[in-house]
Amino acid sequence: MKAKMFRALLPLAIVFTMVSCSSDDSSATSSAKLVTEYNYNETESRLVQLINDYRQSIGLNSLEVINHISYTSEGHNEYMIEKQALSHDYFQQRADNLIQVLGAERVAENVAYNYVTPESAFAAWKNSPGHRANIEGDFTHFGISVTIDPETGRKFYTNMFIKK
């Protein structure tokens with residue numbers, strides 16, 4: 001008898017639990033804000049120049065730097081430093097932010113780790129078909145961040161591209 005009652009009430013309990021624990025769409029949506037300030041270090045500035053010089057040398061448009069993209073890239077560097085791993089984890093969340101805040105139509109990302117100079121990081125990206133495709137892609141804007149791990153002194157690079 002108790003087993004029959006349990007089986008009868010179990011579906012109700014599951015439904016009640018799902019409804020009471022589900023998130024409301026309005027509370028699940030983050031209010032992304034435009035970041036307008038970003039201080040570029042020497043390595044980041046040099047990479048901006050290297051990427052745009054290369055694009056121009058092959059007949060492509062220069063990309064306009066957007067501070068919000070660099071800020072978003074910096075957040076990913078901090079995540080990779082915390083995890084001590086190179087990754088594209090949570091790329092879709094970063095892309096969604098750039099779509100929401102900047103109106104991006106398309107987003108791509110290059111990451112790198114432990115290159116001492118901006119020239120060596122750029123050369124590695126240029127020599128990798130996937131990374132080179134992003135550098136040569138049909139994009140209009142980009143951002144870059146190079147963050148030094150305070151414990152190891154190694155550099156983490158994130159370069160994001162968007163088309164508006």
Side-chain angles (χ1 to χ4, degrees), residues 23 25 27-164:
S23 64
D25 287 341
S27 65
T29 304
S30 66
S31 58
K33 294 182 181 178
L34 176 66
V35 174
T36 58
E37 298 293 319
Y38 187 86
N39 294 317
Y40 293 88
N41 63 42
E42 189 177 315
T43 301
E44 293 162 341
S45 295
R46 180 70 178 135
L47 275 166
V48 165
Q49 180 183 5
L50 288 168
I51 290 167
N52 274 332
D53 286 352
Y54 174 73
R55 286 181 60 90
Q56 289 175 347
S57 77
I58 60 171
L60 297 172
N61 61 300
S62 292
L63 301 175
E64 184 180 333
V65 176
I66 295 180
N67 292 340
H68 184 84
I69 302 172
S70 298
Y71 175 81
T72 302
S73 298
E74 181 180 53
H76 185 56
N77 284 346
E78 291 168 359
Y79 168 82
M80 291 190 296
I81 288 170
E82 180 183 318
K83 296 295 180 186
Q84 285 297 297
L86 189 66
S87 78
H88 292 283
D89 292 353
Y90 304 107
F91 169 74
Q92 193 57 55
Q93 285 87 335
R94 288 187 298 286
D96 289 345
N97 175 272
L98 299 179
I99 290 165
Q100 179 184 4
V101 174
L102 300 174
E105 295 175 15
R106 248 179 339 111
V107 181
E109 175 178 82
N110 287 347
V111 295
Y113 163 73
N114 202 28
Y115 289 95
V116 177
T117 67
E119 290 80 8
S120 61
F122 177 71
W125 282 336
K126 202 170 97 175
N127 291 326
S128 162
H131 293 103
R132 186 176 60 249
N134 288 341
I135 291 170
E136 295 176 359
D138 182 22
F139 297 106
T140 56
H141 299 79
F142 73 139
I144 188 137
S145 177
V146 181
T147 308
I148 298 173
D149 180 339
E151 291 184 21
T152 66
R154 295 184 175 143
K155 294 177 181 176
F156 285 78
Y157 298 72
T158 300
N159 178 206
M160 298 188 76
F161 303 87
I162 69 166
K163 179 173 183 164
K164 282 180 101 175

Glu119: partners by side chain to side chain contact (heavy atoms under 4.5 Å, CB included), with sequence neighbours left out
Arg46, Leu50, Thr117
Report the C-alpha distance between Tyr38 and Ile66 in whole Å, list the side-chain angles of each, state the deciding distance to 0.1 Å, and finish with yes or no for side-chain contact (heavy atoms from CB on, under 4.5 Å).
CA-CA 9 Å; Tyr38 187 86; Ile66 295 180; over 6 Å; no
Test of understanding: with ring-ring contact (aromatic ring centres under 6.0 Å, His included), list the residues that count as partners of Phe156, not counting sequence neighbours.
Tyr113
Nearest 0.5 Å, please: how far is CG in Asn41 from OG in Ser145?
7.5 Å
Within the 4.5 Å heavy-atom criterion, are Arg106 and Asp138 side-chain neighbours or not?
yes
Could you go step by step and tell me if Phe91 and Met160 meet the side-chain contact (heavy atoms from CB on, under 4.5 Å) rule?
CA-CA 10 Å; Phe91 169 74; Met160 298 188 76; 4.1 Å; yes
Please find the pair of heavy atoms, one from Thr158 and one from Glu109, that lie closest to each other, and give the distance.
CG2-OE2, 3.8 Å
Distance col, row Leu98:CG vs His68:NE2, nearest 0.5 angstrom, shows 5.5 Å
Non-neighbouring partners of Thr152 that pass side-chain hydrogen bond (donor to acceptor under 3.5 Å, both in side chains), sequence neighbours left out
Asp149
For Tyr157 against Ala121, the heavy-atom pair lying closest together:
CE2-CB, 3.6 Å
Residues that Glu105 engages under side-chain hydrogen bond (donor to acceptor under 3.5 Å, both in side chains), provided they are two or more places apart
none
If you compare all heavy atoms of Val111 against all heavy atoms of Trp125, which two are closest, and at what distance to 0.1 Å?
O-NE1, 3.1 Å
Applying salt bridge (Lys or Arg N to Asp or Glu O under 4.0 Å) to Lys164 and not counting sequence neighbours gives none
The criterion is ring-ring contact (aromatic ring centres under 6.0 Å, His included); which residues satisfy it with Tyr71, sequence neighbours excluded?
none
Would Tyr115 and Lys155 count as a side-chain contact (heavy atoms from CB on, under 4.5 Å) if you check the C-alpha gap in whole Å, the side-chain angles of each, and the deciding distance to 0.1 Å?
CA-CA 6 Å; Tyr115 289 95; Lys155 294 177 181 176; over 6 Å; no
From CZ (Phe161) to CG (Asn110), nearest 0.5 Å:
5.0 Å
With side-chain hydrogen bond (donor to acceptor under 3.5 Å, both in side chains) as the criterion, how do Tyr40 and Asn67 come out once you've worked through the C-alpha distance, each side chain's angles and the decisive distance to 0.1 Å?
CA-CA 9 Å; Tyr40 293 88; Asn67 292 340; 2.9 Å; yes
Value for CG (Leu47) from CG (Asn52), rounded to nearest 0.5 Å, stands at 11.0 Å
Considering residues at least two apart in sequence or located in another chain, which fulfil the ring-ring contact (aromatic ring centres under 6.0 Å, His included) criterion with Tyr90?
Tyr79
Partners of Asp96 by side-chain hydrogen bond (donor to acceptor under 3.5 Å, both in side chains), sequence neighbours excluded?
Gln92
List the steps, then state whether side-chain contact (heavy atoms from CB on, under 4.5 Å) holds for Arg94 with Asn97.
CA-CA 5 Å; Arg94 288 187 298 286; Asn97 175 272; 5.6 Å; no
Asn127 CG: over 12 foreign heavy atoms closer than 6.0 Å
yes
Considering only residues two or more places apart or on different chains, which pairs with a residue in residues 58-78 satisfy salt bridge (charged side-chain N to carboxylate O under 4.0 Å, His left out)?
none
Residues forming a side-chain hydrogen bond (donor to acceptor under 3.5 Å, both in side chains) with Arg55, sequence neighbours excluded
Asn61
Ignoring hydrogens, what is the shortest heavy-atom contact between Asn134 and Ala108? Give both atom names and the distance.
OD1-CB, 3.4 Å
What residues, two or more places apart in sequence or in another chain, satisfy side chain to side chain contact (heavy atoms under 4.5 Å, CB included) together with Ile58?
Tyr54, Leu60, Glu136
Going by ring-ring contact (aromatic ring centres under 6.0 Å, His included), name the residues that satisfy it together with Phe142, two or more places apart in sequence or in a different chain.
none
Ile81 CD1 to His76 NE2 distance, which is reported to the nearest 0.5 Å
10.5 Å
Nearest 0.5 angstrom please: Ser70 OG to Glu37 CD, how far?
12.0 Å
